[in-house]
Amino acid sequence: MRTLILLVTAVFTAPVLAHHAEAPFYDMNRNVSIKGVVTKWQFRNPHPFLFVEVADEKGVKREWTIEFVGAVRLAKVGWSAKTFTPGEVVTVSGHPSRAPGTYGISSASVARADGKIIPGSGRGGNSPELLRGAVPPESRGRGQSNP
Amino acid sequence: MRRVVRATVVATVLLAAVGCAPAGSDEAAPAAAAPAAAPPPVNLAGVWTRDGRTTTPGELPLNKRGLALREAIDESLAPMYDCVPATVPHILGDPYNFSFEQQPDRLIQRFEKDAVTRTIWLEGHGHRQATASDYGVQGYSMGRWEGNTLVVESSKFTFDPGGLEDKPPMVPSSTSKRVTERYTRAGDTLTVEAVMEDKLMMTEPVTFSFQFKPTPDPIADWPECDPEQSRAPLQYLPVNQLKYGIR
């Protein structure tokens with residue numbers, strides 16, 4: 001009976017997600033980290049994007065696109081259209097985009113040039129909700145949430 | 001515009017395929033006499049934020065039509081990528097606040113998410129029942145008080161490729177989708193039970209539940225949704241994951 005109750009609870013507590021899910025677009029089993037120069041910051045709904053130019057060891061430059069959680073959620077913890085400035089150096093960690101030949105990252109964290117991680121720049125322990133002391137979305141759903 | 005046309009064509013084709021044309025039997029009911037306004041039994045006014053546990057159905061009890069359409073709908077067809085707002089019950093589970101404004105004959109519910117505003121018309125105040133002209137993304141909502149519980153019944157939802165499940169694998173809703181929400185306040189806890197049914201797609205209703213608490217925060221402004229930015233992540237979908245060669 002106890003087992004049955006546990007199973008029933010598991011079935012009926014599947015999480016709720018918001019806007020689009022993360023997993024179809026990003027490989028949740030892989031992590032990447034890049035360091036580069038901000039070229040553009042689009043603080044728009046539904047998801048803000050940061051464009052970062054990264055040079056490889058041969059000096060070849062490539063632009064990566066970093067996706068964040070919803071703009072409204074970020075605005076609640078102080079993010080704005082001025083959060084990033086073109087020309088500044090950032091280090092980004094997160095899950096890489098799935099499609100071959102694309103250079104996208106679903107942000108887990110973004111650090112300034114001094115190495116300090118910007119609060120709210122990711123999910124899990126770095127989500128805007130945890131920063132605000134609110135219920136994090138990850139606790140409500142199936143995970144893989146990218147609202 | 002091309003995307004809108006495409007989405008419309010897809011919806012039309014799918015609807016035709018399953019023969020779920022909108023019900024046309026609804027007639028405008030004669031307006032009931034409006035009694036004197038009484039104060040609501042419970043104060044729901046203010047801004048509410050997520051709190052506590054959410055429960056959602058695990059596997060939807062889809063019938064053959066629902067199963068077939070689930071297979072036919074691909075992530076790239078989701079209306080959200082064209083900035084189409086989320087609907088109940090799923091919008092209640094998103095990590096955004098909502099507010100109630102209580103008027104004598106109606107409640108105005110504003111969601112931060114997608115800047116959705118909907119009117120809940122309270123029964124007994126002369127408001128008409130839903131008619132065939134009331135179909136819309138958010139449907140048409142009538143409300144009533146059952147003791148201290150606000151009961152909201154919504155119908156007249158337009159066909160929505162993600163109307164029963166808006167995350168992969170998406171499940172569309174037909175024009176038979178109905179949602180009954182029950183808002184019950186106990187102190188500073190607002191419990192919402194939402195029953196979703198769609199007789200053309202599911203064999204039985206499913207139930208969601210959410211909890212909220214009051215917050216002093218105002219409803220956040222929702223800057224305009226940028227469709228190009230909204231669709232940008234679709235480039236990251238591996239082609240081999242798409243169904244039926246949609247791309």
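First the proteins, then the strands, lettered A, B, ... as listed; each starts at 1.
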ask   = How long is the span from the NZ atom in B:Lys167 to the CD atom in A:Glu22, to the nearest 0.5 Å?
value =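 Answer rounded to 0.5 Å: 12.5 Å.
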note = In this structure, OG1 of B:Thr49 is separated from NZ of A:Lys76 (nearest 0.5 Å) by 6.0 Å
Heavy-atom closest contact ([X] atom, [Y] atom, distance):
X       : Y        : result
A:Pro24 : B:Leu237 : O-CD2, 3.4 Å
B:Tyr96 : A:Gly70  : OH-CA, 3.7 Å
A:Arg98 : B:Tyr236 : CB-O, 3.5 Å
A:Asn45 : B:Glu224 : CB-O, 3.9 Å

inquiry  = With a 4.5 angstrom heavy-atom cut-off, is it the side chain or the backbone of B:Gln229 that approaches chain A, or both, or neither?
reply    =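 The answer is both parts of B:Gln229.
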query = Which region of A:Phe43, side chain (C-beta onward) or backbone (N, CA, C, O), has a non-hydrogen atom less than 4.5 Å from a non-hydrogen atom of chain B, or is it both or neither?
reply =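 Neither part, no heavy atoms under 4.5 Å.
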message = Between B:Ala86, B:Pro233, B:Pro89, B:Gly162, who has the most heavy-atom pairs with chain A when the cutoff is under 4.5 Å?
response = B:Pro233
